[in-house]
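Remarks on the structure that follows.
Chain letters run A, B, ... following the sequence lines, proteins first, then strands; residues in each count from 1. Heavy atoms only: backbone and side chains are in, while hydrogens, waters and symmetry mates are out.
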Number of protein chains: 2
Amino acid sequence: MEALESIQVMRFPRDKVLFRAGEHCQGLPLMLSGSVKVQMTGVSGNSIVLYRMAADDICTLSIGCLMTGHGYRAEAFVEEESEAAMVPRGLFDRLMDQSADFRLGIMESYGRRLDDLMLLVEEVAFRRMDERLEEWLQARRSPIHITHQEIGVELGTAREVVSRLLKELERKGRVKLSRGRIDVTGL
Amino acid sequence: MEALESIQVMRFPRDKVLFRAGEHCQGLPLMLSGSVKVQMTGVSGNSIVLYRMAADDICTLSIGCLMTGHGYRAEAFVEEESEAAMVPRGLFDRLMDQSADFRLGIMESYGRRLDDLMLLVEEVAFRRMDERLEEWLQARRSPIHITHQEIGVELGTAREVVSRLLKELERKGRVKLSRGRIDVTGL
DNA sequence: GGGGTCAGTGTGACTTTATCACTGAACGGG
DNA sequence: CCCGTTCAGTGATAAAGTCACACTGACCCC
């Protein structure tokens, strides 16, 4: 009854901005379907993708913002059309109080985020960019429709670096480049 | 009654290893005092400090390991002599069920970790090493007793890089270097 | 359909950081 | 005092980041 009036299922189209850095939390999204990309922009203006949320994830950043009253430190973009249940604070507290399953879900979301970020730190700090780029390419289905700039944000590096590494791969005959598109031929 | 028999307060001396990568969780430490450093070692063998735990933090990594059964991905060292309450799984579940305060504490711990890691990703991905080193030096009280190797792990870079940057700072008259010690003279 | 605009890409020049290999200096224990 | 070990310094080279600018394909619009 109370849940019925307070919970709200929303549908977000591709490219919709869920929140931006500095904004305050407007509700706690519990993902039902789709995919949301969370990224961060440094003072330098460079950005990097931190992690992605998918079905059953709750936005852990929103929990933090809700509880501390701070603004978001990152920004979130819808990558694939998504549905999310927007859980208000009161309901969240009640669910935490009453449902072990809900608590488990929250903890799992937090666990995934922590894991994602730890792996990311290691990647960014120690791994070579050419390896990371190749892995990233291999993890997609060719042809890939994306700009070098966007790949740069995925990997947390500069557009020029991506362009050069891709050109090198093209010279080796592993990819074929065209504007806004990469055909992976042999990796 | 039950808490009395199942909870156990432990005292850890400086340099004690709380856990290592790959090990399985032996209990959920809830920090009462002191400071514990959590760091990660990449396949390359390089290490980086991820964050620190202090009083009132619960080890979020342990929660994850406990729930998924996976081994730790990082390692934890006691920096300042610490006390921690080791909370067994059953008690943890009961506390989560019954204490809103406990739940809040858990969420705050998770929030801090997430925040720490997000900031770290940005630092490592985009900030210049000389700036980061200077900030790190300024955040301590001179003289600092530490090796260049250890500073490298703090910042996630190589020992040689730290040595060179420090030498440069010494040339500028901002620090004075000696074996295992740095005197910050003017920053 | 020619010209203009603009996002996307290519690349040279240079700086910063990482890696490798090696040297020498400082310290500590027998 | 000698010797082994840890710590620090440094040259050479490679990888990555930054800055500046040229080029090009796609699209629009008259």
Side-chain angles (χ1 to χ4, degrees), chain A residues 15 40-49 120-137 143-172 174-184, chain B residues 15 40-48 120-137 143-184:
Chain A
D15 296 332
M40 183 172 204
T41 301
V43 280
S44 55
N46 303 20
S47 298
I48 183 170
V49 173
L120 183 59
V121 167
E122 206 233 291
E123 283 234 342
V124 170
F126 304 131
R127 298 202 44 220
R128 293 183 42 135
M129 200 49 80
D130 51 359
E131 281 176 23
R132 293 179 59 209
L133 177 60
E134 288 204 28
E135 276 176 27
W136 188 90
L137 291 170
I144 310 171
H145 293 276
I146 195 169
T147 67
H148 299 181
Q149 174 61 49
E150 287 170 311
I151 299 180
V153 172
E154 290 289 329
L155 302 179
T157 186
R159 198 262 315 158
E160 299 92 313
V161 174
V162 175
S163 288
R164 275 193 252 266
L165 290 175
L166 281 173
K167 211 64 195 164
E168 184 58 30
L169 283 177
E170 190 177 45
R171 272 191 283 275
K172 291 183 189 163
R174 323 253 229 126
V175 300
K176 188 164 170 315
L177 302 176
S178 43
R179 188 189 177 87
R181 167 175 175 158
I182 303 173
D183 290 83
V184 180
Chain B
D15 295 331
M40 182 172 203
T41 302
V43 280
S44 55
N46 303 19
S47 299
I48 182 170
L120 182 59
V121 167
E122 207 233 291
E123 282 233 346
V124 170
F126 303 131
R127 297 201 45 219
R128 295 183 43 129
M129 199 50 78
D130 51 359
E131 280 176 25
R132 294 178 58 210
L133 176 61
E134 287 203 29
E135 276 176 28
W136 189 91
L137 290 171
I144 309 172
H145 292 276
I146 194 169
T147 67
H148 298 181
Q149 173 62 47
E150 287 170 313
I151 299 179
V153 173
E154 290 289 329
L155 302 178
T157 188
R159 197 263 315 160
E160 299 92 312
V161 174
V162 175
S163 288
R164 275 193 253 265
L165 290 174
L166 281 173
K167 210 66 196 161
E168 185 57 29
L169 283 177
E170 190 176 46
R171 270 191 285 274
K172 291 182 187 161
R174 323 252 229 127
V175 299
K176 187 161 171 319
L177 302 176
S178 42
R179 187 189 175 90
R181 167 174 175 157
I182 303 172
D183 291 83
V184 181

Q: Check if the side chain of B/Arg164 and the base of C/dT19 share a donor-acceptor pair of N or O atoms closer than 3.5 Å.
A: yes

Q. So which nucleotide from D/dA16, D/dG25, C/dC27 ends up closest to the side chain of A/Met129?
A. D/dA16

Q | Heavy-atom side-chain contact between B/Leu137 and B/Leu169 under 4.5 Å | A | yes

(Q) Rounded to whole Å, please give me the gap between CG in A/Leu169 and P in C/dG10. (A) 12 Å

Q: For A/Asp130 and C/dA18, give me the distance from atom CG to atom P, rounded to whole Å.
A: 15 Å

Q) Taking atom C1' of D/dT10 as reference, at what distance in whole Å does atom CG of B/Leu177 sit? A) 14 Å

**Q.** Closest to the A/Glu160 side chain, choosing from C/dT17, D/dC19, C/dT9
**A.** D/dC19

Q) Looking only at heavy atoms, what is the nearest atom pair of A/Phe126 and B/Ser47, with distance? A) CZ-O, 3.3 Å

Q: Would you indicate what A/Arg128 reaches in the nucleic acid, counting non-hydrogen atoms under 4.0 angstrom: base, sugar-phosphate, or nothing?
A: sugar-phosphate

(Q) Between B/Glu122 and A/Ile48, is there a side-chain heavy-atom distance shorter than 4.5 Å? (A) no

(Q) I want to confirm an ordering. Mapping A/Ser163 and A/Arg179 to their closest nucleotides on DNA chain C, which one lands closer to the 5' end? (A) A/Arg179

**Q.** Pair of N/O donor and acceptor under 3.5 Å linking D/dG9 base with B/Arg159 side chain
**A.** yes

Q) How many angstroms lie between atom CD1 of B/Ile182 and atom CH2 of B/Trp136, to the nearest 0.5 angstrom? A) 6.5 Å

**Q.** Integer-rounded Å distance: C/dA18 P and B/Leu165 CG
**A.** 9 Å

Q.
Among residues 143-153 of chain B, which ones have heavy-atom contacts with DNA chain C below 4.0 Å?
A. none

Q | Nucleotide of D/dG17, C/dT19, C/dG8 approaching A/Val161 most closely (side-chain heavy atoms) | A | D/dG17

Q: Flag the pair B/Val124 / B/Arg132 as yes when at least one side-chain heavy-atom distance between them is below 4.5 Å, and no otherwise.
A: yes

Q. Under 4.5 Å between any side-chain heavy atoms of A/Thr41 and A/Asn46, yes or no?
A. no

(Q) Looking only at the side chain of A/Ala158 (C-beta and beyond, no hydrogens), which of the listed nucleotides D/dT18, D/dA16, C/dT17 gets closest? (A) D/dT18

Q | B/Lys167 NZ to C/dT17 P, straight-line distance once rounded to whole Å | A | 19 Å

Q | Within-4.5 Å side-chain heavy-atom neighbours: A/Glu168 and A/Lys172 | A | yes

Q) So do B/Glu170 and B/Leu166 actually touch side chain to side chain, heavy atoms under 4.5 Å? A) no

(Q) Using side-chain heavy atoms (C-beta onward) and a distance below 4.5 Å, is A/Val161 in contact with A/Leu155? (A) no

Q.
Distance check needed: C/dT16 P versus B/Leu133 CG, whole Å only.
A. 15 Å

**Q.** Option passing side chain to side chain contact (heavy atoms under 4.5 Å, CB included) with A/Val162 (candidates A/Glu150, A/His148, A/Gln149)
**A.** A/His148

Q.
Is A/Asn46 close enough to D/dG17 that one of its side-chain N or O atoms is under 4.0 Å from OP1 or OP2 there?
A. no

Q. What nucleotide among D/dC7, C/dT11, C/dA18 has an atom nearest to a side-chain atom of B/Thr157?
A. C/dA18

Q) What integer distance in Å separates B/Phe126:CZ from C/dT16:P? A) 19 Å

Q | Atom pair distance, as rounded to whole Å: CZ in A/Arg181 and C1' in D/dG25 | A | 15 Å

Q. Roughly how bent is the helix from C/dG1-D/dC30 to C/dG30-D/dC1 end to end, in steps of 10 degrees, with each end axis from five pairs?
A. 20°

